Amino acid sequence: MKRTLNIDTLKKIGEDVILKGWVNSIRTHGKITFIDLRDETGITQIVLKEKLDLKPEYILEILGEVKERPDNMKNAEIITGSIEIKAKNIKVLSKAKTMPFPIDNDGYEINEKHRLEYRYIDLKRERLKKNLQKRFETIFLMRKILKEKGFTEIETPILTKSTPEGARDFVVPSRNFKGLFYALPQSPQQYKQLLISAGFEKYFQIARCLRDEDPRGDRQPEFTQLDLEMAFPESEKDIMDLIEEIYIKVVKELFKEKHITEIPFPKMTYKEALQKYGTDKPDLRKNKEDKNELAFWFITDFPMFEWKEEYKKWGAMHHPFTLPQEKNIEEIKKNPKNILAHQFDLVLNGFEIGGGSLRTHDVLMLKTCFEVMNHSEKETKEQFKHYFDAFEYGIPPHGGIASGLDRFFAVVFNENSIREVIAFPKTGDNKDLMLKAPDKISKEQLKELGLK
RNA sequence: GGACCCGUGGCGAAAUUGGUUAUCGUACCUCCCUGUCACGGAGGGGGCUGCCGGUUCGAGUCCGGUCGGGUCCGCCA
């Protein structure tokens, strides 16, 4: 006989079924025992007359008959509360030790170090199950929307090259070339632009990005972005319209309890945001008490350059590939401070959930931007040869956006920390408490990598 | 790199101003119970109060250090 899911027992009253699942709870009454059996579809009550040595979280296979409960014994709280299973045979598929902490609550009050060390137990929690399930449904819907719009999802490498700009790179030593290193990608930025040059006019990827910086409640060393890029946008508005459409569809289909403050998403310049709210990611909800309000906002016209006091030089506010609004090369060199870019952020309830822009596709302009940021021509050529080469072989005007999905999920799931929307997150100093990573490697490995 | 908060049985909490045998809930174990669904009832075991040192007649409580976790600043093209 094939296994029946808990939810399907409702259709099988009077029949024998085989159920498989976890013991959620046990209630014994002398000569009668009730087991709440849990599987992914819900909980079903099992009734048995014999005494068995069972404990919570044991994994069972149960042969029994589905019986409708008398009216006064029905339980509206559980999905199969109108029936129960009269057990005929129970097989223990797996025993279980007592859990290290309770799993029948939301878990917020438990010290996170315990939750992260035993994450595979923490994930039994209903709340986290729902978060991950909904996360999947959202990403699935995003893929569907983008496919319908003619986008192609393309995987880009995880082993790549360290770049001088941006965040600290995670680095991987090369075995074949001792003393040389790969870097893990901070984003697929360069790869996706090169895909555009190859003629993939609409690219996207649910992309893992890695940055070796200190985490926060809304940051992890590795995180997931909806990364997309398109050829021939008329302006950055095309990109804003697309990401707006995606988020509106996602909210309307999957987060029906939520309401969006204003559609279309309002726009505000960077300058205005700083003047009015003192931040480039203002929380513009009308009612901050309202758990279900989603205030999406575009912050536009970011400055192209930013003075980096630490290095005493200009850096890119977003990244060096952003297209300046100023077309005059001399003006850019003279007054980097005044140059705005075709760049915008998408902000949600005070969190930056995306940054997009038109990219520079003109080689001279690109060189100018690197020059302002004080990269010598030689250095630029060394670091970005492939990039400049590709541009010289021809690349259409293009632009795109990267949207941080973890932050979006944290907001729509009403979570304070993105750790609650990631299956196996890291701690505040980038450790994996469960696997105990990072960790030492053997002398043999070190030697093989030329590190000792 | 910096600032702040926290650490008490498995888990969550309590313990006047430093004062006797560290308390409670839950989980766990044993027994009783044929209708519970957070079942109920009776009993029981479990702690060098993260670790090291200091102050004191006396430290869970005060001080210093250390380890672990969290929040924020820096950082995050």
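In this text, all values refer to a predicted model and were calculated from it rather than measured experimentally. Convention: sequence-line order gives letters A, B, ...; per-chain numbering from 1.
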Open item on the list: Counting distance alone, no hydrogens or angles: does the base of B:C37 have a donor or acceptor under 3.5 Å from a partner atom on the side chain of A:R69?
Closed with: yes
For residues 96-109 of chain A, please give each side-chain donor-acceptor pair under 3.5 Å, one per line with the distance, not counting sequence neighbours.
residue, atom, partner, partner atom, Å
A:T98, OG1, A:K55, NZ, 3.3
A:N105, OD1, A:G107, N, 3.2
A:N105, OD1, A:R125, NH1, 2.8
A:N105, ND2, A:E109, OE2, 2.8
A:D106, OD1, A:Y108, N, 3.2
A:Y108, OH, A:R127, NH1, 3.2
A:Y108, OH, A:E415, OE1, 2.6
A:Y108, OH, A:E415, OE2, 3.3

Task: Nucleic acid contacts - residues 44-60 of chain A versus RNA chain B, non-hydrogen atoms under 4.0 Å - done: A:Q45, A:K55, A:P56
- [ ] Let me know the distance between CG of A:D429 and P of B:G1, rounded to the nearest Å.
- [x] 11 Å
Task: Phosphate OP1/OP2 of B:G35 contacted by A:K31 side-chain N/O (<4.0 Å) - done: no
Task: Phosphate OP1/OP2 of B:C73: any A:R219 side-chain N/O under 4.0 Å - done: no
Task: Under-4.0 Å side-chain N/O to phosphate OP1/OP2 contact, A:R216 with B:C73 - done: yes
- [ ] Using a heavy-atom cut-off of under 4.0 Å over every strand shown, decide if A:Q189 touches base, sugar-phosphate, or nothing.
- [x] base
TODO: Take atom P in B:G45 and the same atom in B:G1, then report the distance between them in whole Å.
DONE: 50 Å
Open item on the list: Nearest whole Å is fine: how far is B:G35 C1' from A:D36 CG?
Closed with: 13 Å
Task: Interatomic distance where CG belongs to A:D345 and P belongs to B:C76 [whole Å] - done: 15 Å
Task: B:U21 and B:C62, which share atom name C1', separated by this distance in whole Å - done: 24 Å
Open item on the list: Just the rounded figure in Å: distance from C1' of B:C75 to CZ of A:F223.
Closed with: 14 Å
Open item on the list: Without decimals, in angstroms, what is the distance between A:H29 NE2 and B:C32 P?
Closed with: 15 Å
- [ ] Check whether any side-chain nitrogen or oxygen of A:R27 sits under 4.0 Å from OP1 or OP2 of B:U36, and answer yes or no.
- [x] no
Task: Spacing of A:K86 atom NZ relative to B:U36 atom P, expressed in whole Å - done: 19 Å
- [ ] Just call it for A:L433: base, sugar-phosphate, or nothing, with non-hydrogen atoms closer than 4.0 Å on any strand.
- [x] sugar-phosphate
Task: For atom CG of A:D432 and atom C1' of B:G69, their distance in whole Å - done: 15 Å
Close N/O contacts between protein and nucleotides 43-51 of chain B (under 3.5 Å):
none

- [ ] Let me know the distance between CD1 of A:I26 and P of B:A38, rounded to the nearest Å.
- [x] 15 Å
Open item on the list: Could you check whether A:D439 pairs with A:K436 (Lys NZ or Arg NE/NH1/NH2 to Asp/Glu carboxylate O, under 4.0 Å)?
Closed with: no
Task: Protein proximity profile, nucleotides 8-15 of chain B - base contact B, sugar-phosphate-only contact S, no contact -, cut-off 4.0 Å on heavy atoms - done: --SSS---
Open item on the list: Could you check whether A:E65 pairs with A:K86 (Lys NZ or Arg NE/NH1/NH2 to Asp/Glu carboxylate O, under 4.0 Å)?
Closed with: no
TODO: Return the orientation label for the A:F409 and A:F413 ring planes: parallel under 30°, perpendicular over 60°, tilted otherwise.
DONE: parallel
TODO: Select base, sugar-phosphate, or nothing to describe what A:T28 touches, counting heavy atoms under 4.0 Å on all strands.
DONE: base
Open item on the list: Tell me every residue that passes salt bridge (charged side-chain N to carboxylate O under 4.0 Å, His left out) with A:E201, counting only those two or more places apart in sequence or in another chain.
Closed with: none
TODO: Give A:G428 one of three labels, base, sugar-phosphate or nothing, depending on what nucleic acid heavy atoms sit under 4.0 Å from its own.
DONE: sugar-phosphate
- [ ] Answer with base, sugar-phosphate or nothing: what part of the nucleic acid does A:K97 contact at a heavy-atom distance below 4.0 Å?
- [x] nothing
TODO: Output all residues satisfying side-chain hydrogen bond (donor to acceptor under 3.5 Å, both in side chains) with A:T4, sequence neighbours left out; order by chain, then residue number.
DONE: A:K12
Open item on the list: Using only modelled atom types and a 3.5 angstrom limit, is any donor from either the side chain of A:E84 or the base of B:G35 paired with an acceptor on the other?
Closed with: yes
Open item on the list: Test of understanding: with salt bridge (charged side-chain N to carboxylate O under 4.0 Å, His left out), list the residues that count as partners of A:E382, not counting sequence neighbours.
Closed with: A:K378
TODO: Report the residues that fulfil salt bridge (charged side-chain N to carboxylate O under 4.0 Å, His left out) with A:E371, sequence neighbours left out, ordered by chain and then residue number.
DONE: A:K333
TODO: Let me know, please, whether A:R211 or A:S417 comes out on the 5' side of the other along RNA chain B by nearest nucleotide.
DONE: A:S417
Open item on the list: Give me each pair satisfying salt bridge (Lys or Arg N to Asp or Glu O under 4.0 Å) with a member in residues 214-230 of chain A, each pair once, sequence neighbours excluded.
Closed with: A:K192-A:D227, A:K192-A:E229, A:R208-A:E222, A:D218-A:R407, A:E222-A:K426, A:E229-A:R359
Open item on the list: Over 60° means perpendicular and under 30° means parallel, so tell me whether A:F265 and A:F298 are parallel, tilted or perpendicular.
Closed with: tilted
TODO: Kindly write out the residues that satisfy salt bridge (charged side-chain N to carboxylate O under 4.0 Å, His left out) with A:K74, not counting sequence neighbours, or none if the list is empty.
DONE: A:E68, A:D71
TODO: Select base, sugar-phosphate, or nothing to describe what A:T427 touches, counting heavy atoms under 4.0 Å on all strands.
DONE: sugar-phosphate
Task: Nucleotide paired to B:A3 in any strand shown, Watson-Crick or G-U, under 3.5 Å - done: B:U71
- [ ] Please state the P separation for the pair B:G64 and B:U55 - nearest whole angstrom.
- [x] 15 Å
- [ ] Give every residue pair that meets the salt bridge (Lys or Arg N to Asp or Glu O under 4.0 Å) criterion with at least one member in residues 19-38 of chain A, sequence neighbours excluded.
- [x] A:K20-A:E61, A:R27-A:D36, A:R38-A:E57
Open item on the list: The criterion is side-chain hydrogen bond (donor to acceptor under 3.5 Å, both in side chains); which residues satisfy it with A:K276, sequence neighbours excluded?
Closed with: A:E272
Open item on the list: Students often get this wrong, so: under 4.0 angstrom with heavy atoms, is A:G217 touching a base, only sugar-phosphate, or nothing?
Closed with: sugar-phosphate
